[in-house]
Amino acid sequence: METSLNAARPALLVLEDGAAFAGTAFGAPGEHHGEVVFNTSMSGYQEITTDPSYCGQIVVMTYPLIGNYGANAEDVESGRPWVEGLVVREISPVHSNWRAAESLGAFLGRFGVPGISGVDTRALTRHLRSRGAMKGVISSVDLDAASLQRKAQASPGLVGRDLVREVTCAKAHTPSYPGEKRHRVAAIDCGMKSSILACLAAVGCDVTVFPASASAAEILATDPDGVFLSNGPGDPEGVPYVIETVRGLLGKKPIFGICLGHQMLGLALGGRTYKLKFGHRGANHPVMDQRTGRIDITSQNHGFCVDMDSLDPAVVELTHVNLYDRTNEGMRHRTLPAFSVQYHPEASPGPHDARHLFDDFIALMDRNRP
Amino acid sequence: MPKRTDIKKILLIGSGPIIIGQACEFDYSGAQACKALREEGYEVILVNSNPATIMTDPALADRTYLEPLTPEILAMIIERERPDALLPTLGGQTGLNLAMAVADNGVLERFGVQMIGANRDAIHKAENRAAFKAAMQKIGLDLPHSGAAHTIEEAEGFAREIGFPVIIRPAFTLGGTGGGTAYNMEEFLLIATAGLEASPVTEILVEQSVIGWKEFELEVMRDRRDNVVIICSIENFDPMGVHTGDSITVAPAQTLTDKEYQGMRNAAIACIREIGVETGGSNIQFALNPKDGRLVVIEMNPRVSRSSALASKATGFPIAKIAAKLAVGYTLDEIPNDITRLTPASFEPTIDYCVIKIPRFAFEKFPETNDTLGISMKSVGEVMAIGRTFPEALGKGIRSLEIGRYGLEEPPTAQRWTTEQLEAGLTRPNPGRLFLVAEAFRQNFTIERIARLSAFDPWFLEQLRLIVALEGSIKDAGGAIDTTLLREAKRNGFSDRSLGTLTGLGEDEVRARRLAAGIVPSYKLVDTCAAEFEAYTPYYYSSYEFEDEVTTTSRDKIMILGGGPNRIGQGIEFDYCCVHASFALREMGFETIMVNSNPETVSTDFDTSDRLYFEPLTLEDVLAIVAKEKPKGVIVQFGGQTPLKLAVPLAKAGVPIIGTSPDSIDLAEDRKRFGALLEELGIPMPANGTALSLDEARVVAERVGYPVLVRPSYVLGGRAMRIVYDAASLEEFAGEAFAASGKHPILIDKFLEDAIEVDVDCLADGETVVVAGIMEHIEEAGIHSGDSACVIPPHSLPAAVLDTIRDYSRRLATALKVIGLMNTQYAVKDGEVFVLEVNPRASRTVPFVSKAIGLPIAKIAAKVMAGAKLRDLGVTTEVAVRHYSVKESVFPFNRFPGVDTALGPEMKSTGEVMGIDPDFGLAFAKSQSGAGQPLPTSGTVFISVFDRYKERIVPIARRLLDLGFNICATTGTAAALNAAGVSACRVLKVHEGRPNVVDMLKNREIQLIINTPLGRRGKDDQLAIRREALVRHITTITTIPGAAAAVTGIESLARGALTVKSLQEYHAGKTF
Ligand SMILES: Nc1ncnc2c1ncn2[C@@H]1O[C@H](COP(=O)(O)OP(=O)(O)O)[C@@H](O)[C@H]1O
Ligand SMILES: Nc1ncnc2c1ncn2[C@@H]1O[C@H](COP(=O)(O)OP(=O)(O)O)[C@@H](O)[C@H]1O
Ligand SMILES: [Mg+2]
Ligand SMILES: [Mg+2]
């Protein structure tokens, strides 16, 4: 337990449209820019901040009390936080949980991530909801709103940008997990969350993680039972080289994709993607499996979406739909062994309802065993 | 899946009278269910004995039976109505148990009624503690070590095995009834015996104690496609060992990582699936070891509950309504989310604020019992507060409680706590612990130390510490407080009143400075989705934030102030009136705005009014809403004393109060002014006077003549009111009254002995006065009107007396210029009518009167207040009824060990039931049965009355003898009866030897008890008899008139069987 007795340092968040939100700094001092998005999950701030898919984004937590249970060494989705900044109504001055090792502020601070507390995050969320996600700058060094707005406008957006490069692994590796392993899976790491690895391992997969730049040939050379396409940050159109790889794997190996993996599969199949106004980020979205009527409450984190109209329904079956806004959440190739979902069956944070998809992947690999 | 078409008629069971553990949340759920089912075109048959409910309004169901909730009566209703289905999960534990009874005794099968929502097996699996344990073990969930026992020997064996302390939890009870914690074998045997007695299936769970662990609850819903969603997580501030109903609770859970939360969520989903609750809501409780995260399941309630009402209000997700729709076959995705409209109900609400529930206790009513909290629930009501942060919500919650606290600071008059007192107080769970924590911080206790003593989570403690630290800065700043600190204080939940005290500036000055600095609350929406989607329902809470979301319209608005937390003396009846006011004014085309802080109520349902403000009912909070909404009128008449107290200050602040003027309210409430008015009108009141000293008191008492009624000024519900028979006792009781009265004088009235008390509700519009109902009390004056039974129409008063009462009522209403409702209490002594008091507002009896006469008088009153005339509404004459309606009160004595069940001028009841029948005796018998005191028709009656009543008991005993009862009595009573030729055998009192009357009670040799107390507490050796009778559920009558009415009831029962009839049939042709 520790209390924040250090004097409040001011911080400012300014959006490209000029909207400014003053607050108090926590985490690291400094200035970062990014696309400002909100997440409606009430728990799981540590998983969120360490999810590489948030690279390039400043995340607003809609739940106002953040940091209550501190930070620990286990609930991380990668080796470090990736958010450009964290915006909260109140950063807890104290944390209480038997697993906590340090405060959230200290954790973010260690990795140079700035946070701002005291913001009317509901007002900010409503702003983003009505105007759409937009660029912004969080700063505790420059407190001039006009200057920050200029910086926000000048900052690069997400569209078309390759952020995967920043988060993918440097070289192929095979992390070891306990338990019997009956399938060998090649995962293309575009910023893969570690809980996906854990979920694959839990259903008996021995996973070799490849950098996003790996070619189809390199992957096929290892003769895996299946290929996994991971989540990752930014615009799927920013990574044409991975899409190329996916195209080279289609039909050759069973494929399962999550999130960015889903979008890349869509593009590889000849479809299009588009940017959502403010995206889906949270842990409460209902997704229906169109084939069974089953509804899973899902964990979501995406700003782009596959346009199902761009795909031939005779070739690609729309399998999952978001019941909030009817957007696409999953698909399957009708003849080739490939399926993917837009949401996060590995949860972390969020409900575990959709974990059965990992079993589906196993079944797909079994059916396609030579 | 579409709704089911194979069922057309659905039977719903309500939860009966308000009792501790089962309050108006079930009116909320039942009313929602009725509406939801009728919306779908089903015919709804409703049974509930509680007239003070919205659900029993004849407009809510196709047929409404205000009949006792017993298996026999339910069977008669089923036979008469032949419903296709029974929905058992919305009427609390009472409804659930009653449904089980008619399932078990074959009635459902005989008449082809199926249970929907949850079936017999699922209910059994969840409620039977042994079956539940087995089910949880089967799915691999952890539980505390335990054993289910059906006999005391079995229980003892488990206790030895588990080791002390052990927890005792009866099966199929509610609110922890009959449960307890035992620290030794002696205590164990006592609690276990009572627990076995309390369980309808004679089963208790003897369980390892996990006192001090963290307690959590999840509200879960499932549809028939097996889709499951969690509506809300709740973390208890008070750790395990304090019933969740008595705990301060917070939503959502604050101190769980996502990993832990999801583990709990998975467990809850597995639990509802295994138990097999097909559709609807369930509440699942967990305990978590804060040291290592071990999670154990505590229980599941396979029905909507108090917590689900809280969860509905906390999230905006209407659990009961959705549960009803799921029960008839819809799936979650087919039901729209009413708040966002465009998204479905198959989701998990996410909230962007902090919700705190704080229970409200009534220990001051039961001074004989101590206020230690445990696993058996004792609170009588609760408040909910919403804020963006914990301190903000907490501050609002505290001032919503109406316990004279406006924040965590100690009142200026409080004495200083010693370290020992603090340590003891923090260790022993009690209602004041929240304030003790604050005081401990003031005395520099560390978080670790307080956590060690109280087992409160350090996260909560830190929040309190910050508030106390801020309090220190405010005090230091004093009158020089600057804008920054003022804003900081407001953002942390400090009320203007607290700030006024802390700074020494006073509330008004603080408010003036705050407004001058532009520090005003902004209102935010409760929208189920943390602003992800647009919300269409104006359900607001205040916060000192930067953006305000209120969109106002140009329509004429009327604001209704609710009643705040339920408490003894102010409960569901007032919420009923507020809801009616809102409905009536909406009918007239006004936009209605409801303000209330009680999450259990129908008034805080987001679709009761056009706009809902979930806010405390203090001057500050109300003024802020008025400033925002600028209503055309504000109604203070319907929410009981809470809003009435605000009438004068609101009027002073320029708020337009509609209805009876604040000056008239003051005139009726001020003894001096009121006395003068009565004198002027020539209406008699009991001789009286006021006294500031004991000497003065003696003089007044001599003047008016003993016995006298002594009470403090400015208290409610008869607090500290005593009947004093002689000068010697005056000394003792006057002392108590002076203490309660502060610097105000005590009031001394001539006590009218053996007088008949009468309550009258009337309507007035400034021109016309219409008597709505004259209620003759069964018990004599001296038993608080809220505690006595009463009957419409009067069954014994002569016509001349009734005419006098009508005349007085009319003249009083005219003189007070009443616009709306007025309640008057009279005492009739030897044919003379005295006024006891006038309440220029809706009274507790309004719903009862409405249902007895078939006129919605609260609605009519609201319309009158908004300008309509009674004449235009077609209400000009008193309604003549051809049936008897009896109201009986229900008491919480079983919750408070050692408390006397005798009645007096201080109100103690929590709820009421109604019996209705063309025959007075049967109506009375029904009311008794509904109140859980069924009248026996044969057996032995035990009679023991105080000397004054020996003569009057004789005819009553004779009638019982004629009915075939055996009579036994204590020495004096037996002698008096035998002397009068009524044969009675003598039994020993407790101190006279054995076998005595208590032995007979234990052996179930007595079926009815008539025992009048001595009128003063503590000195009555017959308390033991009444307590034993209470534990054994033996019907006990403590007044002579009550006994007479009971005998009339028994005579009627002996003459012919009971029949049932719906309200719609009683009031055919009337519209509500
Ligand atoms: N094993 C236990 N150790 C400590 N406290 C317990 C234990 N079991 C239950 N409790 C406490 O008792 C309360 C009431 O028990 P519960 O089974 O929920 O009764 P009810 O059905 O009346 O709500 C719980 O809220 C919890 O605080
Ligand atoms: N002068 C009196 N003689 C006999 N009984 C009285 C007298 N005054 C009050 N009571 C009894 O005391 C009860 C409570 O008094 P009341 O003035 O109604 O208090 P409250 O404001 O709490 O309702 C009444 O319902 C009545 O039974
Ligand atoms: Mg419980
Ligand atoms: Mg229970």
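Within every chain, numbering begins at 1; the chains are lettered A, B, ... in the order of the sequence lines, protein sequences first and strands thereafter. Just the heavy atoms: all of them, side chains too, but no hydrogens, waters or symmetry mates, feed the values below.
The heavy-atom pair separating A:P93 from B:Q463 by the smallest distance is CD-NE2, 4.5 Å. When all heavy atoms are compared, the tightest approach of A:T125 to B:A530 is CG2-O, 3.8 Å. Here the closest heavy-atom approach between residue A:W98 and residue B:P290 is recorded as CB-O, 3.2 Å. Among all heavy-atom pairs drawn from B:R225 and A:G293, the shortest one is CD-O, 4.3 Å. Shortest non-hydrogen contact noted between B:E545 and A:V119 is OE2-O, 4.4 Å. Here the closest non-hydrogen pair linking B:T389 and A:L65 is CA-CD2, 3.9 Å.
Ion pairing between a basic and an acidic side chain is recognised when a charged N comes within 4.0 Å of a carboxylate O; A:D353 and B:R265 show such pairing. Between B:K259 and A:E74, none of the side-chain N atoms (NZ, or NE/NH1/NH2) sits under 4.0 Å from a carboxylate O, so this pair counts as no salt bridge.
Neither the backbone nor the side chain of A:S130 comes within contact range of chain B; no heavy atoms are under 4.5 Å apart. The parts of B:I351 that come within reach of chain A are both its backbone and its side chain, each placing non-hydrogen atoms under 4.5 angstrom from that chain. Looking at A:R326, there are no atoms closer than 4.5 Å to chain B (heavy atoms on both sides), in backbone or side chain. Using a 4.5 Å cut-off between heavy atoms, B:F460 does not touch chain A at all. Contacts between A:F38 and chain B at a heavy-atom distance below 4.5 Å involve the side chain alone, from C-beta outward. Heavy-atom distances place the side chain of B:Y261, and not its backbone, under 4.5 Å from chain A. The contact between A:M288 and chain B is made entirely by side chain atoms (from C-beta outward), counting heavy-atom distances below 4.5 Å. For A:F21, no part lies near chain B; criterion is any non-hydrogen pair under 4.5 Å. B:I269 touches chain A through its side chain: at least one heavy atom from C-beta onward sits under 4.5 Å away, while N, CA, C and O do not. Contact annotation for A:T298: neither backbone nor side-chain heavy atoms come within less than 4.5 Å of a heavy atom of chain B.
Between chain B and the residues A:G118, A:A100, A:G350, A:G70, the largest count of heavy-atom pairs under 4.5 Å involves A:G350. Contact count versus chain B (heavy atoms, under 4.5 Å) is highest, among A:R294, A:R99, A:H280, A:R281, for A:R99. Counting heavy-atom pairs closer than 4.5 Å to chain B, the top residue among A:G44, A:P64, A:A347 is A:P64. Chain A forms more heavy-atom pairs under 4.5 Å with one residue of B:K291, B:E549, B:K524 than with any other, namely B:E549. Listed options B:L342, B:N266, B:D292 were ranked by heavy-atom pairs under 4.5 angstrom with chain A; first place goes to B:D292. Considering only heavy-atom pairs separated by less than 4.5 Å from chain B, the leading option among A:A283, A:S41, A:S348 is A:S348.
With rounding to the nearest 0.5 angstrom, the CZ atom of B:F533 is 6.5 Å from the CG atom of A:D325. For the atom pair B:F347 CZ and A:N322 CG, the distance stands at 12.5 Å (nearest 0.5 Å). Distance check: A:I295 CD1 to B:D333 CG gives 3.5 Å after rounding to the nearest 0.5 Å. In this structure, CD in B:Q262 is found 6.0 Å from OG in A:S43, a value given to the nearest 0.5 Å. For the atom pair OH of A:Y69 and CG of B:L256, the computed distance is 9.0 Å after rounding to the nearest 0.5 Å.
At a threshold of 4.5 Å between non-hydrogen side-chain atoms, the residues A:Y324 and B:C529 do not count as touching. Within the 4.5 Å cutoff, no side-chain heavy atoms of B:R388 are placed close to those of A:E90. Side-chain contact between B:E547 and A:R126: present, with at least one pair of heavy atoms (C-beta onward) separated by less than 4.5 Å. Between B:T343 and A:L323, every side-chain heavy-atom pair lies at or beyond the 4.5 Å cut-off.
Side-chain polar atoms of B:D457 and A:S96 form a donor-acceptor pair below 3.5 angstrom. A donor-acceptor contact closer than 3.5 angstrom is absent between the side chains of A:Q46 and B:D258.
Remark: the backbone N or O of A:T40 is paired with a side-chain donor or acceptor of B:T350 at under 3.5 angstrom. For A:D120 (side chain) and B:F546 (main-chain N/O), a donor-acceptor pair under 3.5 Å exists by modelled atom type. With hydrogens and angles ignored, the 3.5 Å screen pairs no side-chain donor or acceptor of A:N284 with any backbone N or O of B:P349.
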Worked check of side-chain contact (heavy atoms from CB on, under 4.5 Å) between B:T257 and A:D75: CA-CA 8 Å; B:T257 62; A:D75 298 351; 3.7 Å; yes
Steps toward side chain to side chain donor-acceptor pair (under 3.5 Å) verdict (A:H285, B:E532): CA-CA 11 Å; A:H285 282 227; B:E532 184 170 7; 2.8 Å; yes
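A side-chain contact (heavy atoms from CB on, under 4.5 Å) with B:D352 holds for exactly one of A:M42, A:R89, A:R122; it is A:R122.
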